[in-house]
Peer 1: 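Below you will find the structure I want to go over with you.
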Amino acid sequence: MMDGPTSTKDGTGARIAEPSADAVLVRRTLEEIAPVADKVTSYFYALLFVRDPALRELFPAAMDVQRDRLLKALLTVAERMDDSAFLGEYLGHLGRGHRKYGVVAAHYPAVGEALIGALVRYAERSWDAETEAAWVRAYTAISQIMIDAASQDEAKAPAWWQAEVVSHDLRTPDIAVLTLRPDAPYPFLAGQYTTLETPWWPRVWRHYSFASAPRPDGLLTLHVKSVPAGWVSRALVHRARPGDVLRLGPPAGSMTVDHATDTGLLCLGGGTGIAPIKALVEDVAEHGDRRQVDVFYGARRGHDLYDMDTLLRLQKTFPWLAVHPVTEAQGPLPEAVRETGPWTERDAYLAGPLGMVRQGVDVLRGAGVPSERIRHDFLAELSAVGAGPAAAGGGSAEVGGVHGAHALDVPVEVVAQ
Ligand SMILES: NC(=O)C1=CN([C@@H]2O[C@H](COP(=O)(O)OP(=O)(O)OC[C@H]3O[C@@H](n4cnc5c(N)ncnc54)[C@H](O)[C@@H]3O)[C@@H](O)[C@H]2O)C=CC1
């Protein structure tokens with residue numbers, strides 16, 4: 001196992017955790033390779049596929065997105081290396097999620113060897129026997145958590161589900177609402193998301209939040225916006241038709257309602273980020289909680305508020321629900337929330353573009369909402385080392401836009417796996 005952290009006291013006498021010796025060595029390596037991260041990643045995959053060509057089949061034909069994910073996941077793990085609760089959850093999710101790619105325990109050693117091979121080559125200055133031992137310990141611990149999580153999950157759930165498209169509703173020229181029928185019961189909680197593969201882009205998986213709470217008929221609903229260069233989203237919006245069969249990975253995400261309390265909810269949904277927010281509203285309604293729920297629904301222009309009718313219908317039905325549409329002409333969505341309130345007594349839920357979620361979290365914290373009451377799916381991104389504004393907005397929405405798990409959810413994106 002990895003060494004545990006120790007703690008010391010700062011000037012005020014407060015305890016601050018000191019990183020373990022292994023964490024210090026691992027982070028030193030990552031700092032050294034940061035400027036040549038692209039090269040390290042390319043070399044890692046080259047080593048992996050040369051040594052074990054069969055593993056290439058587990059990855060998508062185009063590896064561009066994959067490359068970034070590997071490093072992000074590594075940084076996330078290194079940053080939290082001494083936080084065993086976080087690692088258990090993060091890596092457990094990763095291990096279970098890798099089942100749908102066909103990853104098995106026997107694949108892990110090859111990945112570890114390729115990782116160390118790439119680090120040895122590019123971390124020349126800091127690499128020594130002690131560093132290598134720290135990396136081997138870290139990788140062994142990480143991969144074991146993933147392997148164990150996958151094997152426990154095998155007894156409980158399939159590696160993936162097949163889901164037939166039963167309806168396809170084009171709401172705007174680039175947003176479709178898809179209803180799917182899974183081939184076996186698909187247990188999930190309102191606010192969670194799935195990972196999805198289309199028949200047109202094999203092994204390319206994307207995340208989509210469920211737009212409804214679990215339904216008695218077992219059908220699932222997704223909102224998909226076609227984004228430029230978004231292969232999967234374009235296919236789902238413009239090509240998918242009833243009868244097409246998609247593959248779904250297991251549900252994930254912790255943006256769920258705690259029914260043990262009766263705290264009110266404050267929800268921010270930007271663009272298609274309104275999908276999980278609608279699921280949360282349905283969830284509160286089904287539990288008959290009658291807690292106050294305020295939904296701020298943001299879009300660029302009025303006609304981009306494609307699900308406004310549904311929300312207004314819900315508002316009419318449920319007196320505890322207030323819906324506040326916000327277009328960009330009125331200013332940024334998080335600002336509209338700041339100007340109202342107070343929200344300090346609410347549980348907050350945010351879904352939408354990463355930039356919106358980031359700004360929303362800042363606004364809510366600034367307005368006195370405690371961090372532990374703020375839920376969203378960008379945990380990895382918003383706690384990632386060096387995640388600056390560039391990481392927040394750029395790139396295609398399909399690649400940059402959905403969920404923290406994003407950074408984690410492709411075969412061996414972790415390697416560290
Ligand atoms: N669970 C989640 O967090 C979910 C996230 N999404 C993501 O939400 C995004 C939706 O995209 P679109 O519909 O094109 O939304 P959009 O780009 O049209 O923006 C929607 C809202 O967010 C605001 N916004 C956008 N960027 C912002 C920034 N940097 N700072 C502050 N506010 C900002 C806009 O002003 C608007 O009110 C996609 O990236 C999708 O992947 C979608 C579903 C669920």
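Each ligand, and each atom within it, is numbered from 1 in the order the structure gives. No hydrogens, no waters, no symmetry mates; every other heavy atom, side chains included, goes into these values.
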Peer 1: Taking 4.0 angstrom as the limit and counting only heavy atoms of Gly273, give me the atoms of ligand 1 inside it, by number and element.
Peer 2: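 Ligand 1 atoms under the 4.0 Å threshold to Gly273: 42 (C), 43 (C), 44 (C).
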Peer 1: Do any N/O atoms on Val357 end up under 3.5 angstrom from N/O atoms on ligand 1?
Peer 2: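 Among all N and O atoms of Val357, none is under 3.5 Å from an N or O of ligand 1.
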Peer 1: Over all heavy atoms of both residues, which pair between Gly302 and Thr327 is shortest? Give the atoms and the distance, please.
Peer 2: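 Heavy atoms only, the tightest pair is N-CG2, 3.6 Å.
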Peer 1: How far does CG of Leu248 sit from CZ of Phe210, to the nearest 0.5 angstrom?
Peer 2: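 These two atoms lie 6.0 Å from each other.
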Peer 1: What atoms of ligand 1 come within less than 4.0 Å of a heavy atom belonging to Gly271?
Peer 2: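 Those atoms are 13 (O), 15 (O), 20 (C), 21 (C).
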Peer 1: Measuring from non-hydrogen atoms of Asp304 to any atom of ligand 1, is the shortest distance under 4.0 Å?
Peer 2: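 Contact check Asp304 vs ligand 1: negative.
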Peer 1: Residue-level breakdown please: for Met356 versus ligand 1, do any non-hydrogen atoms fall below 4.0 Å on the side chain, on the backbone, on both, or on neither?
Peer 2: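 It is both backbone and side chain that touch ligand 1.
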Peer 1: Among His223, Arg171, Lys225, find the one that has a side chain to side chain donor-acceptor pair (under 3.5 Å) with Tyr306.
Peer 2: His223
Peer 1: Taking all atoms of both residues into account, what is the closest heavy-atom pair of Ala123 and Ile33, and its distance?
Peer 2: CB-CG2, 3.9 Å
Peer 1: Please work out whether the ring planes of Phe318 and Trp320 are parallel, tilted or perpendicular, with thresholds of 30° and 60°.
Peer 2: parallel
Peer 1: Provide the number and element of each atom of ligand 1 under 4.0 Å from a heavy atom of Gln359.
Peer 2: 30 (N), 31 (C), 32 (N)
Peer 1: Of all heavy-atom pairs between Pro182 and Trp161, which one has the smallest distance, and what is that distance?
Peer 2: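 That would be CB-CD1, 4.4 Å.
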Peer 1: Can you label the angle between the Trp231 ring and the Trp201 ring as parallel, tilted or perpendicular, going by 30° and 60°?
Peer 2: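 The rings of Trp231 and Trp201 lie parallel, inter-plane angle below 30°.
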Peer 1: Which one holds for Ala299 and ligand 1: side chain close, backbone close, both close, or neither close, with close meaning a heavy atom under 4.0 Å?
Peer 2: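 Within the 4.0 Å criterion, Ala299 contacts ligand 1 through backbone atoms alone.
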Peer 1: Which ligand 1 atoms are under 4.0 Å away from a heavy-atom of Ala351?
Peer 2: 1 (N), 2 (C), 3 (O)
Peer 1: Would you verify whether the NZ or CZ of Arg80 falls within 45 degrees of the ring axis of Tyr90 while also being under 6.0 Å from that six-membered ring's centre?
Peer 2: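 Arg80 over Tyr90 ring: no.
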Peer 1: Would you call Arg301 and Asp304 a salt bridge, using N to O less than 4.0 angstrom?
Peer 2: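 Counted as a salt bridge, because a side-chain N and a carboxylate O are separated by less than 4.0 Å.
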Peer 1: At less than 4.0 angstrom from any non-hydrogen atom of Glu328, what atoms of ligand 1 do you find?
Peer 2: 34 (C), 35 (O)
Peer 1: Taking heavy atoms and a distance under 4.0 Å, where does Pro332 meet ligand 1: side chain, backbone, both or neither?
Peer 2: neither
Peer 1: Give the contacting part of Tyr208 toward ligand 1: side chain, backbone, both or neither, where contact means a heavy-atom distance below 4.0 Å.
Peer 2: neither
Peer 1: Look only at interatomic distance and state if Pro353 has a nitrogen or oxygen under 3.5 Å from any nitrogen or oxygen of ligand 1.
Peer 2: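 Looking only at distances, the answer is yes, because the N/O contact criterion of under 3.5 Å is met.
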Peer 1: Could you tell me, atom by atom, which parts of ligand 1 come under 4.0 Å of a heavy atom of Ser209?
Peer 2: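 Those of ligand 1 that fall under 4.0 Å from Ser209 are 1 (N), 44 (C).
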Peer 1: Check each atom of ligand 1 against the heavy atoms of Phe378 and keep those under 4.0 Å away; list them by number with element.
Peer 2: 3 (O)
